[in-house]
Every structure is written in C-alpha cells, then in structure tokens.
Number of protein chains: 2
Amino acid sequence: MKRVSLKDIAKLVGASPSTVSFILNGKASQMRISDELKNKVLATAKKMGYQPNQVAVSLRTGQTKILGLLVEDISNNFFASLAKTIEEEAEEFGYKVVYSSTENNSKKGVELLRMLTQRQVDGYLITPTVGMEEDIEMLARHKKPLVLMDRYFPGIEAPYVQVDNKGAVEKGMEHLVEKGYKKIAFITIESPMIQMRQREEAYLDAIAKSSAQKKKLILKVNYSGGRETAIEQITDFLKKQQPDAVFFATNYLGILGLESIRAISLSIPKDLAVVCFDDNDIFRLHLPGITVLQQPVEAIARTAIHILMQQLGNSKVPVKKNQVQLAANLIVRQST
Amino acid sequence: MKRVSLKDIAKLVGASPSTVSFILNGKASQMRISDELKNKVLATAKKMGYQPNQVAVSLRTGQTKILGLLVEDISNNFFASLAKTIEEEAEEFGYKVVYSSTENNSKKGVELLRMLTQRQVDGYLITPTVGMEEDIEMLARHKKPLVLMDRYFPGIEAPYVQVDNKGAVEKGMEHLVEKGYKKIAFITIESPMIQMRQREEAYLDAIAKSSAQKKKLILKVNYSGGRETAIEQITDFLKKQQPDAVFFATNYLGILGLESIRAISLSIPKDLAVVCFDDNDIFRLHLPGITVLQQPVEAIARTAIHILMQQLGNSKVPVKKNQVQLAANLIVRQST
DNA sequence: TCCTATGGCTAAAACGTTTTAGGTCAGTGT
DNA sequence: ACACTGACCTAAAACGTTTTAGCCATAGGA
C-alpha cells in the first residue's frame with residue numbers, strides 16, 4: 001500500500017500534475033480551473049487520503065517550515081517550559097520544532113548547529129554555549145533567521161531575548177537588604193556566558209551600594225565533578241563563611257543548595273535565608289517556600305518566536321526591538 | 001553567498017555530479033575513481049564548506065533520518081527526561097527527533113500524527129492518548145516503524161515499552177501494609193488509558209488481598225477545572241475519608257497532593273503517609289522526603305529506541321521482545 | 001589485427017512537488 | 001475570413017541528490 005502522490009491523482013482524474021497542484025493549493029480560481037474538475041480532484045484526493053510529501057515541497061520551495069531549537073538541557077525545568085511554549089507558538093505559525101540539548105558542550109552544540117543547517121531549518125532558536133560564538137556569527141552574517149535566548153554574545157549583532165538579569169538580582173538583593181540580612185552570599189558557577197556575568201555583576205553592585213555589608217561572598221561552584229562534589233563545595237562554603245542569606249544564581253544551584261543546607265542541618269530561614277533565580281515547583285512546595293526571581297518564561301518564548309517570525313516575514317505586526325530584556329518577578333516566600 | 005551544492009563542486013573540479021557524489025559518499029574506490037580526482041574533490045568540498053542538502057537526500061533516498069516523538073506534555077518532568085534520553089539514544093544511530101506535546105488532547109494528537117507523516121519521519125515514538133487508537137492502528141497496519149511508550153492499546157498489536165505498573169503499585173502497597181497502614185487511599189485520575197487502569201487494578205487487588213483493610217478508598221480527580229479545583233477535590237476527599245496513607249498515581253497528582261496536604265495542615269507522615277508514582281527532584285527534596293516508585297525512565301527510552309531501530313533495520317543485536325514491561329524501583333523516604 | 005578486459009568516469013532518470021510560460025479551442029466582433 | 005479574447009488546461013524545468021547502466025580509452029592476449 002504505497003502513498004498516493006499528486007501524480008497518482010492526476011492520472012486517476014485524467015488531468016496534469018500541474019492542474020492538480022493548483023487545485024490542491026487553492027489556486028483553482030486564480031488559474032481558472034473549472035469547478036467540475038476542481039471538485040473531482042478534491043474528491044479523489046480525499047478518497048485516496050492524499051497527503052503532500054512535505055520533503056518534496058521543501059525541496060521545491062526551499063522552505064521546510066521547521067525551526068531548530070537548541071537548548072542547554074531539555075530535562076531542566078526552565079528549558080522544558082521554554083521548549084513547550086516555543087512549540088505551541090511555532091505551531092500557530094505552521095512551524096514544527098526540532099530540538100536538541102547541547103549539554104553545554106560546545107563541540108556538541110556546534111555539531112548540532114551544522115546538522116540543523118543540513119536539515120535546512122528555516123530558523124534557529126538557540127541558547128548559545130561557550131564555543132558557539134563563531135558559528136553563531138556565521139549564521140548572523142549570512143542573515144539566517146535567528147534568535148538567541150537566555151544569553152547572547154556581546155560582540156555579535158544578533159537578536160536575543162532574555163530576562164533582565166541585572167534588574168532581577170538587584171530586586172532580589174534589595175529584598176534581602178530590606179529584610180535586614182547583612183552577610184549575603186552569592187553562589188554561582190564559573191561561566192563566561194553573559195547571563196551569569198550579568199547576575200554576578202548585579203550582586204557586586206548591590207554589595208558596593210550597601211552600607212551594611214562590605215565584603216562580597218561569592219562561591220563559584222565547579223560542576224564538572226557531578227552532584228556530590230558540587231554539594232560538598234557548597235556545604236564547605238556555607239560552613240566556613242557562615243552567611244545569613246544566600247542567593248543562588250540558577251535553579252539547579254538552588255536545588256543543590258537546598259540539599260547542601262539540609263546536609264548540614266541549617267534551618268531556613270532561621271539560620272539562613274535563601275533566594276533563588278528561576279521558579280520551579282520545588283521552590284513553591286519546599287518547606288519553607290523559597291523566595292525566587294521568576295523568569296517570564298512564556299513571554300520569553302513568545303517574544304523569541306515573534307522576532308523570528310518577523311525575520312521569516314510571517315508577522316502581521318512588525319516587532320520594534322529585536323534585542324529584548326524582560327523583567328523578572330520577585331516572589332517572596334517564607335525563606336526570607 | 002549561496003550554499004554550495006554538489007553540482008557546484010562538480011563544475012569547479014571539472015567532473016560530473018555523479019562522480020562527486022560517489023567520492024563524497026566514500027564510494028570512490030568501489031567506483032574506481034582515481035586517487036587524484038578523489039583528493040581534489042575532497043579538498044574543494046572542504047574548502048567551500050560543502051554541506052549536503054539533507055532535504056534532497058531525503059527525497060531521493062526516502063529516508064529522513066528523523067523520528068517523531070509525541071508525548072503528553074514535554075514540560076512534565078517524566079516526559080522531559082524521557083525525551084532527553086530518547087534524543088541522546090537516537091543521535092547514536094544518526095537520527096534526529098521532532099517532538100510535540102499532545103496535551104492529552106486527542107484532536108491535537110491526531111493532527112500531529114498526520115503532520116509527522118507528511119514530514120516523512122522514519123519512525124514514531126508515541127505516548128498515545130485516548131482518541132489516537134484508530135490512527136495508531138493505521139500506522140501499525142501499514143507496518144510503519146513504531147513504538148508506544150508508557151501506555152498502549154490492548155486491542156492493537158504494536159510494540160510498546162512501559163513500566164510494570166501493576167508490579168509497581170503492588171510493591172508500594174506491600175510497603176504501606178508492612179508499615180502497618182490500615183486505611184490506604186488511592187488518588188488517581190479518570191482515564192481509560194491502560195497505564196491508569198493497571199495502577200488502579202493493582203490497588204484494588206492489594207486491598208482485596210489485605211486482611212487489615214476491607215474498604216477501597218479511591219478518588220478520581222477531575223483535572224479539567226485546573227489546579228485549584230483539583231486541590232479542592234483532594235482536600236475534600238482527605239478531610240472526609242481521613243485515610244492514614246495515600247498513594248498518588250502520577251507525579252503531578254503527587255505534587256497537587258502535597259499542596260493539598262499542606263493546605264489542610266496535615267503532617268507527613270504523622271497524620272498521613274504518602275507514596276507517589278514517579279520520582280522527581282521535588283519528592284527527593286521535600287521535607288519529609290516522599291517515598292516513590294521510580295520509573296526506569298532511561299531504560300524505557302533506551303528500550304524504545306532499540307525496538308524502533310530494530311524495525312528500521314539498524315540494530316546489531318536483534319531485540320527479542322517488543323512488548324516490554326520494566327520494573328519500577330521503590331525508594332523509601334521519610335513519608336512512610 | 002581484432003577482441004576483450006579493465007580502469008576511470010558520466011548521462012540520465014528518479015524522488016514529488018511548484019511554477020512559468022505558454023497552448024488550444026470556442027466564441028465574438030469586424 | 002480573420003484576428004482577438006477568454007476560459008481552461010498543460011509541458012517542462014527546477015529544487016539537489018543518488019544510483020543504474022553504460023561509455024570510452026588503453027593495454028594485453030590471441
């Protein structure tokens with residue numbers, strides 16, 4: 001039982017493939033095809049269960065209607081939510097999404113990018129990683145439809161959408177200072193990527209501005225050794241520095257942090273206040289609830305797609321800006 | 001700056017496209033192409049940055065090297081983890097993955113399935129939903145490479161991989177009974193899908209076998225009204241029935257459950273023991289930790305891909321069985 | 001000298017569409 | 001009788017590959 005092709009239909013009704021193509025693409029009247037033939041074709045197409053071969057269409061039209069999505073880790077809540085909304089939005093415009101996790105591995109990221117190019121995706125949605133700078137620049141130079149998310153490369157002129165990292169950390173730090181914490185630590189990872197730089201910078205600014213706290217307390221967790229060693233680093237740091245509040249720079253650090261805090265039996269918020277970047281069921285359900293800076297994930301995804309669609313010429317309303325920062329939302333819970 | 005095609009290279013080196021194709025596909029010696037020409041072609045291909053147009057290759061060969069993955073909700077931890085491993089495994093075999101969330105909406109699921117067919121995916125990985133029975137049967141009848149995951153349709157002869165639901169619930173119930181709980185409730189959703197039927201059945205069996213508990217206590221949450229009303233249903237049920245232990249049939253029910261339990265200020269495990277299907281960071285980090293039946297997510301994904309690859313003729317070692325149930329893992333924490 | 005084998009390559013069809021540039025025929029006006 | 005118009009339809013090229021079936025030299029053997 002082979003698939004029915006457009007030619008098969010043509011043969012069946014005794015018309016040419018061109019005519020059938022016009023009819024099936026709704027150009028019948030434009031091409032002045034008689035209603036009689038039109039209906040006949042439509043009827044047989046339906047009866048035979050005709051489905052156009054999208055691969056052939058793509059080859060001919062040069063459009064695949066596929067977007068490539070590269071995220072750091074699809075199983076991380078933040079990226080999964082991002083992916084979900086992106087897929088939903090893309091569907092609205094008739095696009096499908098191919099996704100891949102880069103695992104923050106530059107080599108893999110670059111390979112995936114190449115693969116997407118081979119697959120002729122119409123546009124790229126990327127959370128870039130360290131080694132991808134050159135390839136991204138290539139894409140930008142070749143004017144490929146492209147949006148970066150969550151981070152970007154300062155040297156490269158490409159559209160991006162991210163949360164306002166500085167504003168977010170600022171908001172969080174202000175909240176902690178207001179609550180009277182005087183020894184606020186910042187736990188982050190060693191990363192040259194802009195979003196982490198922005199978060200750290202905002203912490204340093206907040207300390208510089210503060211009258212109550214003079215000393216910065218930063219831990220850069222080395223995650224390469226796995227969960228266990230990461231938790232060790234955090235517990236060591238907490239034991240040694242004894243902060244009265246700690247700000248985790250990402251959701252997975254927050255989770256590791258909570259495990260670490262539990263491991264050394266500190267009580268939140270009595271011994272230690274906690275604020276974390278990114279919301280997550282875990283932080284909401286934790287006892288006590290963890291104060292977070294919630295990223296506007298859906299808005300980020302939506303904005304990204306709209307910027308991309310504009311580049312693809314699919315948008316009704318032109319987007320004004322294509323380098324966007326969206327405000328985070330401080331959700332105060334019992335941890336502070 | 002246009003993409004370089006195989007023809008371009010052919011013209012440049014003064015050979016025919018066929019020859020270039022043979023060389024680039026490593027069939028040079030087989031086709032007795034001289035080393036001289038071979039090296040020249042390889043060099044120019046590299047210099048020009050040639051990347052084969054995968055769309056054209058697909059049209060010609062009939063293989064897209066793309067798998068279609070349909071899950072219920074990609075932002076749910078279980079499905080996201082599944083997706084991640086599937087993608088990793090698929091990559092090993094040179095396949096990419098297109099994913100979509102069905103949202104448990106049969107109409108959407110069916111549409112997505114059609115779309116995947118149009119896109120000529122080489123194989124399907126599906127967590128089917130209620131309305132998809134006919135379409136799945138179609139695929140199976142047309143001998144399309146296909147694996148169902150997490151659930152299946154008893155009437156349809158198609159490969160599937162799922163956790164051993166009955167065994168898992170049985171294990172969980174035994175654990176609760178051993179611990180001396182005598183009024184164990186089971187909170188599930190109203191769903192005709194097999195995996196939920198199996199879980200419920202196992203609960204009923206356990207009660208039937210039990211000497212301590214005669215009465216079944218089942219709540220079927222109606223999730224259509226959103227989070228709030230779902231929590232209301234659970235709190236009402238808990239207040240009215242006053243069970244001493246509760247078994248949540250899915251991870252999102254577990255999360256809703258924890259919120260409900262908190263809302264009515266019950267203490268775990270003093271007032272109420274909790275067991276949940278599916279593990280998750282939340283259950284591990286919750287205070288107290290929640291006892292769970294962890295699904296072997298990676299194994300499920302891996303098995304599914306292997307079964308699919310076998311159908312696609314890519315597997316070294318033939319898979320023996322293509323309807324597989326994998327055992328769950330009881331992780332006892334402080335909630336019981 | 002002719003025949004055959006072999007080495008080195010290529011022509012052309014095919015995959016399933018879309019689209020450009022017509023083609024044919026009947027009727028109308030002059 | 002002839003050109004023109006309009007209605008209806010189609011031929012053929014093109015997208016970028018892969019693959020089958022062979023072509024053309026040259027060398028070696030009879």
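Sequence lines set the chain letters: A, B, ... in the order given, protein chains first and strands last, and positions in each chain run from 1.
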Can you tell me if the side-chain N/O atoms of [X] get under 4.0 Å from OP1 or OP2 in [N]?
X	N	answer
B/Tyr50	D/dG16	no
B/Ser16	C/dC9	no
B/Thr19	C/dT10	yes

Let me spell it out: for each of B/Val57 and A/Ile33, pick the nucleotide of DNA chain D with the closest heavy atom. Which residue's pick is nearer the 5' end?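 Result: A/Ile33.
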To the nearest Å, how far apart are [X] [atom1] and [N] [atom2]?
X	N	atom1	atom2	value
A/Lys11	D/dT10	NZ	C1'	16 Å
B/Gln51	D/dG16	CD	P	15 Å
A/Lys27	C/dT20	NZ	C1'	12 Å
B/Arg3	D/dG16	CZ	P	9 Å
A/Gln63	D/dA14	CD	P	21 Å
B/Gln30	D/dT20	CD	P	10 Å
A/Asp8	C/dT17	CG	C1'	13 Å
A/Gln54	D/dC15	CD	C1'	14 Å

Reading 5' to 3' through nucleotides 22-27 of chain C, protein heavy-atom contacts under 4.0 Å coded B for base, S for sugar-phosphate only, - for none: ------
Are there over 12 heavy-atom neighbours, none belonging to [X], within less than 6.0 Å of that residue's [atom1]?
X	atom1	answer
B/Lys108	NZ	yes
B/Glu134	CD	no
A/Glu298	CD	no

Ignoring hydrogens and angles, answer whether the base of D/dA7 and the side-chain atoms of A/Ser34 contain a donor-acceptor pair closer than 3.5 Å.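 Donor-acceptor pair under 3.5 Å: no.
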Between B/Leu37 and B/Thr61, name the one whose nearest nucleotide on DNA chain C is closer to the 5' end.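 It is B/Leu37, whose closest nucleotide lies nearer the 5' terminus.
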Please confirm whether the backbone N or O of B/Glu72 pairs with a side-chain atom of B/Ser101, one donor and one acceptor, at under 3.5 Å?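 The answer is no, because no donor-acceptor pair under 3.5 Å joins these two groups.
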Using a heavy-atom cut-off of 4.0 Å across all strands, would you classify A/Lys38 as base, sugar-phosphate, or nothing?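 No contact.
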Using a heavy-atom cut-off of under 4.0 Å over every strand shown, decide if B/Ser21 touches base, sugar-phosphate, or nothing.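 The residue B/Ser21 makes base contact.
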Knowing that exactly one of B/Glu88, B/Glu89, B/Glu87 qualifies, which makes a salt bridge (charged side-chain N to carboxylate O under 4.0 Å, His left out) with B/Arg302?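 Of all the options given, the one that passes is B/Glu89.
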What nucleotide among D/dT17, D/dT19, D/dT10 has an atom nearest to a side-chain atom of B/Phe22?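 Output: D/dT19.
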Between C/dG16, D/dA12, D/dT20, spot the one nearest the side chain of A/Ser18, thanks.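 Of the options given, the side chain of A/Ser18 lies nearest D/dA12.
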Of A/Leu113, A/Leu69, A/Leu148, A/Val147, which meets side chain to side chain contact (heavy atoms under 4.5 Å, CB included) against A/Tyr124?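 Checked A/Leu113, A/Leu69, A/Leu148, A/Val147 against A/Tyr124; only one passes side chain to side chain contact (heavy atoms under 4.5 Å, CB included): A/Leu113.
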Once rounded to the nearest 0.5 Å, what's the spacing between atom OH of B/Tyr152 and atom CD1 of B/Ile194?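 Nearest 0.5 Å value for the OH-CD1 distance: 4.0 Å.
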Partner set under ring-ring contact (aromatic ring centres under 6.0 Å, His included) for A/Tyr99, not counting sequence neighbours: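 For A/Tyr99, the residues satisfying ring-ring contact (aromatic ring centres under 6.0 Å, His included) (neighbours in sequence not counted) are B/Tyr99.
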